[in-house]
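To start, the structure itself, in structure tokens.
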2 protein chains.
Amino acid sequence: MAENTPPAVTNDPFRQIRRATVSDAIVDQLRGLITDGTLKPGDRLPSERELCKRFDVGRTSVREALKPLITMGILVGRGGSGTFVAAESGQYQKPLRWGLLGGMPGDLQNQDDLVETRHMLETNAAHWAALRATAENLAAIEATVQGMAEYLDDPAKFQEFDANFHFEIARAAQNKMLYRLINVIRGQIQTWIGERLALSPDRADILSRTSLEQHREIFAAIRSGDGDAARRAMDNHIQTATADLKKIAK
Amino acid sequence: MAENTPPAVTNDPFRQIRRATVSDAIVDQLRGLITDGTLKPGDRLPSERELCKRFDVGRTSVREALKPLITMGILVGRGGSGTFVAAESGQYQKPLRWGLLGGMPGDLQNQDDLVETRHMLETNAAHWAALRATAENLAAIEATVQGMAEYLDDPAKFQEFDANFHFEIARAAQNKMLYRLINVIRGQIQTWIGERLALSPDRADILSRTSLEQHREIFAAIRSGDGDAARRAMDNHIQTATADLKKIAK
DNA sequence: TTCTAAAATTGGTCAGACCAGCTGGCCAAT
DNA sequence: ATTGGCCAGCTGGTCTGACCAATTTTAGAA
């Protein structure tokens with residue numbers, strides 16, 4: 001593994017001197033306003049020209065402060081209308097994706113890392129979901145299972161409910177950090193599944209039926225509050241699903 | 001948990017339209033050049049004025065493309081010198097931290113999520129490390145254990161080797177994605193440990209001795225290639241360490 | 001050759017301008 | 001009263017040109 005620059009322990013008393021640039025200071029301030037709730041999702045920021053006057057800086061600096069926040073999905077700029085605080089769900093997706101997958105060539109080893117990490121995250125999510133799921137969580141999960149059953153013959157719809165099933169479990173685990181991770185990694189997995197399935201659409205049907213049965217088992221375990229059973233069920237599901245999809249690749 | 005906007009399944013035939021901006025296109029292109037290795041860490045980008053001519057756009061657009069990459073730590077701008085590709089470790093640290101911790105708010109729920117996620121990541125890392133550690137990995141891990149033993153009376157040094165112990169295990173798991181996650185989360189945990197330990201420095205000594213013993217057990221399990229034992233040992237270590245630190249908080 | 005001071009280069013910032021798209025109000029036609 | 005077109009004003013996106021401070025390079029002096 002490359003990934004040098006290990007722990008990077010800095011005992012150096014001569015720290016780096018970095019005078020804050022104007023735009024970075026504005027970034028920090030805006031981030032603070034968002035995290036402390038002064039600016040809530042959907043709120044509209046003052047116009048750039050207005051911010052120039054408020055901060056007493058040039059418009060360049062304001063824009064260069066807004067730009068990173070926009071690129072990372074924390075703000076959204078709508079030309080002609082204004083700049084708005086993005087929905088919370090979008091505020092972490094892009095940086096997380098960049099951080100996890102960024103700078104990594106899409107080679108095979110990487111694919112394996114992805115699948116393995118996903119396995120770890122989702123089995124644990126199932127475990128915690130079994131212990132913590134609320135009534136609403138259970139209802140939401142059950143709804144996705146029913147959706148899958150209903151659309152057994154519509155691969156696109158089926159996959160949609162399949163994905164939602166996993167999302168709802170991640171949500172039921174009541175760990176925001178875990179939810180975010182699964183959300184992002186699941187996105188990658190989903191495209192991978194799509195590629196594989198496109199190779200032999202005829203297989204999709206039988207895979208779906210197996211998958212549905214496994215989802216039912218997972219849900220049953222979660223509903224019964226049995227954390228270990230939920231973990232095992234999810235483990236079993238992911239193992240077989242991954243294996244099946246890899247077989248298709250051949 | 002807030003985090004609404006679940007899977008965001010849009011069957012709406014009237015999709016959102018968004019025109020691409022110039023700077024975003026440049027961002028994508030630059031990220032591509034970095035990902036595919038055309039631009040390697042340490043490389044110097046053409047000057048902004050040069051990029052203007054290459055892309056045939058205004059300097060504003062070039063700068064607004066560079067700014068997000070700089071803010072996320074993928075590039076570093078040195079005034080008077082140029083803009084450079086950051087070291088690989090810097091390319092995922094900051095984005096990951098932003099995405100995972102969404103600012104840096106130290107609210108309680110967040111802290112629990114952090115500890116729980118860390119537990120999941122590290123126990124799995126130990127498991128895989130036991131199955132995959134190379135001779136070099138084992139040597140590196142052992143070195144950190146020896147370092148801890150040597151600096152039992154120097155809390156700062158001890159913590160440093162402690163942290164490196166966990167980093168080396170993460171590395172030995174041979175999963176780059178997992179390594180990055182642990183790297184970032186460990187950073188947060190480390191500051192948390194520091195805070196707690198500062199509250200009662202006298203406790204540090206006895207905690208260190210217990211910790212060292214547990215590290216030895218983890219290492220032994222990894223060296224023997226027993227994945228389950230390694231997971232249990234790491235689980236035990238983290239559980240007790242977390243509990244002890246939380247007690248200090250009182 | 002070595003040292004030093006000037007010149008060129010670079011990122012950071014500002015100001016002013018223009019464009020395309022959005023918003024909201026006004027008004028005529030229905 | 002509702003609809004649809006129209007227009008003026010505002011907003012973000014982009015471009016240009018300029019200045020500053022820090023750095024790098026160069027050229028000249030020793």
Side-chain angles (χ1 to χ4, degrees), chain A residues 14-30 33-34 39 41-87 90-91 94, chain B residues 14-31 33-34 39 41-87 90 94:
Chain A
F14 297 88
R15 298 305 209 78
Q16 188 82 4
I17 304 176
R18 56 176 167 292
R19 65 212 172 304
T21 69
V22 176
S23 52
D24 286 343
I26 298 178
V27 170
D28 287 342
Q29 184 163 344
L30 289 177
L33 290 176
I34 292 174
L39 290 173
D43 282 357
R44 180 179 176 283
L45 270 65
S47 75
E48 296 179 354
R49 279 118 176 140
E50 176 68 23
L51 288 175
C52 293
K53 283 183 281 190
R54 299 261 203 108
F55 291 131
D56 191 33
V57 297
R59 196 171 158 217
T60 306
S61 297
V62 169
R63 285 189 54 76
E64 291 193 355
L66 296 181
K67 192 65 188 176
L69 298 173
I70 291 174
T71 301
M72 299 182 37
I74 292 171
L75 301 178
V76 285
R78 287 198 273 265
S81 175
T83 307
F84 299 80
V85 180
Q91 291 190 15
K94 204 174 287 188
Chain B
F14 297 88
R15 298 304 209 76
Q16 190 85 1
I17 56 170
R18 59 173 151 286
R19 65 216 170 294
T21 69
V22 175
S23 52
D24 286 343
I26 299 179
V27 170
D28 288 341
Q29 184 164 344
L30 288 177
R31 284 223 316 145
L33 290 176
I34 293 174
L39 290 173
D43 282 359
R44 180 181 175 282
L45 270 66
S47 73
E48 296 179 352
R49 282 132 177 123
E50 176 69 22
L51 288 175
C52 295
K53 283 182 282 190
R54 298 263 203 106
F55 291 130
D56 190 33
V57 296
R59 195 172 158 215
T60 306
S61 298
V62 170
R63 284 188 57 75
E64 289 193 357
L66 296 181
K67 192 65 188 177
L69 297 173
I70 291 175
T71 302
M72 310 232 313
I74 292 171
L75 300 177
V76 286
R78 285 197 274 267
S81 175
T83 306
F84 300 80
V85 180
K94 202 177 288 189

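Every chain is numbered from 1 and lettered A, B, ... according to where its sequence line falls, protein lines coming before strand lines.
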(request) Could you check how far CG of L75(B) sits from P of dT10(C), rounded to whole Å? (result) 17 Å

(message) If I compare all heavy atoms of P68(A) with all of A65(A), which pair ends up nearest, and what's the gap?
(response) CD-O, 3.2 Å

(request) Side chain of S81(B) only, please: which of dT23(D), dT14(D), dT11(D) is the nearest? (result) dT23(D)

(message) Contact list please: residues 52-61 of chain B against DNA chain D, heavy atoms, distance less than 4.0 Å, in numerical order.
(response) V57(B), G58(B), R59(B), T60(B), S61(B)

(message) Using the side-chain heavy atoms of S23(A), tell me which of these nucleotides is nearest: dG13(D), dT13(C), dT23(C).
(response) dT13(C)

(message) Whole angstroms only, please: what is the CD-P distance between E50(B) and dG11(C)?
(response) 11 Å

(request) Would you mind reading off the distance between R78(A) atom CZ and dG13(D) atom P, rounded to a whole angstrom? (result) 11 Å

(request) Decide yes or no, distance alone: a donor-acceptor N/O pair under 3.5 angstrom between the base of dG12(D) and the side-chain of R49(A). (result) yes

Acceptor/donor pairs from residues 75-85 of chain B side chains to any protein atom, 3.5 angstrom cut, sequence neighbours excluded:
none

(message) Output the rounded distance in Å from CD1 (I70(B)) to C1' (dT10(C)).
(response) 12 Å

(request) Round to the nearest Å and state the distance from L51(B) atom CG to dG12(C) atom P. (result) 13 Å

(request) Figure out the CD/P separation between E64(A) and dA15(C), and round it to whole Å. (result) 14 Å

(request) Not counting sequence neighbours, which residues clear side chain to side chain donor-acceptor pair (under 3.5 Å) with Q29(A)? List them please. (result) none

(message) Would you compute the distance between atom CD1 of I74(A) and atom CG of L39(A) and round it to the nearest 0.5 angstrom?
(response) 12.0 Å

(message) Here's a test of your reading of the structure: between G82(A) and K67(A), which maps to the more 5' nucleotide of DNA chain D?
(response) G82(A)

(request) Could you name each residue pair satisfying side chain to side chain donor-acceptor pair (under 3.5 Å) that touches residues 61-76 of chain B, not counting sequence neighbours? (result) S23(A)-K67(B), D24(A)-K67(B), R63(A)-E64(B), E64(A)-R63(B), E48(B)-R63(B)

(message) Without decimals, in angstroms, what is the distance between L45(B) CG and dT9(C) C1'?
(response) 16 Å

(request) Respond yes when some side-chain nitrogen or oxygen of R63(A) is under 4.0 Å from OP1 or OP2 of dG12(D), and no when none is. (result) no

(message) If you assign E48(B) and V62(A) each to the DNA chain C nucleotide with the nearest heavy atom, which residue ends up on the more 5' nucleotide?
(response) E48(B)

(message) Restricting to non-hydrogen atoms, name the atom on P41(B) and the atom on A86(B) that form the minimum distance, rounded to 0.1 Å.
(response) CB-O, 3.3 Å

(message) Without decimals, in angstroms, what is the distance between R44(A) CZ and dT23(C) P?
(response) 10 Å

(message) With a 4.0 Å cutoff (strictly under), does any side-chain N or O of S47(B) reach OP1 or OP2 of dT10(C)?
(response) yes

(request) Please examine the side chains of V57(B) and V62(B), heavy atoms only from C-beta on, and report whether any two atoms are closer than 4.5 Å. (result) yes

